[in-house]
Amino acid sequence: MPRVPAQERRADLVQAAIQVATREGLAATTTRRIAQELGISVGIVHYCFRSKEELLHEVIRVISDAQVVAARSAITPGGDLAGSVRNAFLGFWQLVESTPEEQLLTYELTSWALRNAETEPLAREQRASQLAGIEAILAAISAATEVEWKVPAEQLARMTLAITDGVTLGWLVDRDTASAVQALETFADQLLALAIS
């Protein structure tokens, strides 16, 4: 069997963890089960990641990064502010709709992490990563449209995360896409009111 570079193996393990967790649940996502998913030994998992917690931390980062990339890639440089804000939310939402099981996994990971003192930092890191990603999106919108925000980016990021988290969780329960998109569009209008051209 050819040797797989460590970075590639780590990426494969993260994807395998996501597949197992979304298909079988977080409780079933053991290092042994992840190894089985790839047809490798458990030793390889532990060679690439010191613990299951470290692997799950990377799972959180990968899912959060995908959300940021989806939103940022929908922003058109030189576009108008309203279009840029709405496109960012639309890009995010298209990812949510196309990966509902991964979105559900983020909530499971947060709940799981908060129940144990050893893993609690994962929940804080997940939130910090999400907030940093939203701040990056706000900065990208600002740069693309040459506007500034009336309130600090950190505050806007917290507001945005509260809305997107709530809308996503609500949609995972009722799958009412029209209501979810309407809520995001309403918040986008509120965000536009906080811009200075």
Is it possible for you to say whether [X] and [Y] belong to one hydrophobic cluster, with membership spreading through side-chain heavy-atom contacts below 4.5 Å?
X	Y	value
Tyr107	Phe92	yes
Val85	Leu90	no
Val14	Val69	no
Ile141	Leu156	yes
Val151	Leu81	yes

Given side chains that start at C-beta, do those of [X] and [Y] come closer than 4.5 Å, heavy atoms only?
X	Y	answer
Glu101	Gln19	no
Val20	Gln36	no
Phe187	Thr160	yes
Leu13	Ile40	yes
Val167	Thr164	no
Trp149	Gln155	no
Val147	Ile196	no
Ile63	Val59	yes

**OP:** List the steps, then state whether side-chain contact (heavy atoms from CB on, under 4.5 Å) holds for Thr30 with Val42.
**Re:** CA-CA 10 Å; Thr30 62; Val42 176; over 6 Å; no

To the nearest 0.5 angstrom, please state how far the [atom1] atom of [X] sits from the [atom2] atom of [Y].
X	Y	atom1	atom2	answer
Ser98	Gln103	OG	CD	8.0 Å
Asp174	Leu169	CG	CG	9.5 Å
His46	Glu54	NE2	CD	11.5 Å
Gln15	Glu58	CD	CD	10.5 Å
Leu114	Arg124	CG	CZ	8.5 Å
Thr99	Ile18	OG1	CD1	9.5 Å

Original post:
For the side-chain hydrogen bond (donor to acceptor under 3.5 Å, both in side chains) test, which of His57, Arg61, Gln130 pairs with Glu125?
Top reply: His57

Can you confirm whether [X] is buried at [atom1], in the sense that more than 12 heavy atoms of other residues, nucleotides or ligands lie under 6.0 Å from that atom?
X	atom1	answer
Arg23	CZ	yes
Glu154	CD	no
Glu148	CD	no
Tyr47	OH	no
Gln182	CD	no

Can you name the nearest heavy-atom pair linking [X] to [Y], along with the distance?
X	Y	value
Ala136	Arg72	CB-NH1, 3.8 Å
Ile137	Ala88	CG2-CB, 4.2 Å
Thr145	Ser84	CG2-OG, 3.3 Å
Leu172	Pro100	CD2-O, 3.6 Å
Ala123	Ala113	N-CB, 3.8 Å
Leu38	Ala16	CG-CB, 3.8 Å

**OP:** In sequence, state the C-alpha distance, the side-chain angles, and the governing distance for Val62 and Asp65, and then conclude on side-chain contact (heavy atoms from CB on, under 4.5 Å).
**Re:** CA-CA 5 Å; Val62 165; Asp65 285 357; 5.8 Å; no

Is it the case that the side chain of [X] and the backbone of [Y] share a donor-acceptor pair, with hydrogens and angles ignored and the cut-off at 3.5 Å?
X	Y	answer
Ser73	Ala70	yes
Gln126	Thr106	yes
Thr119	Leu122	no

Original post:
Side chains of Thr186 and Gln190: do they bring a donor and an acceptor to under 3.5 Å?
Top reply: no

Original post:
Do you know which of Ile163, Val96, Leu184 makes side chain to side chain contact (heavy atoms under 4.5 Å, CB included) with Thr168?
Top reply: Val96

**OP:** Please report the C-alpha distance between Arg10 and Phe49 in whole Å, then the side-chain angles of each, then the deciding distance to 0.1 Å, and finally whether the side-chain contact (heavy atoms from CB on, under 4.5 Å) criterion is met.
**Re:** CA-CA 8 Å; Arg10 282 174 63 90; Phe49 292 97; 3.3 Å; yes

**OP:** Apply the test side-chain contact (heavy atoms from CB on, under 4.5 Å) to residues Met159 and Leu191: give CA-CA distance (whole Å), side-chain angles for both, the deciding distance (0.1 Å), then the verdict.
**Re:** CA-CA 9 Å; Met159 292 166 56; Leu191 204 57; 5.6 Å; no

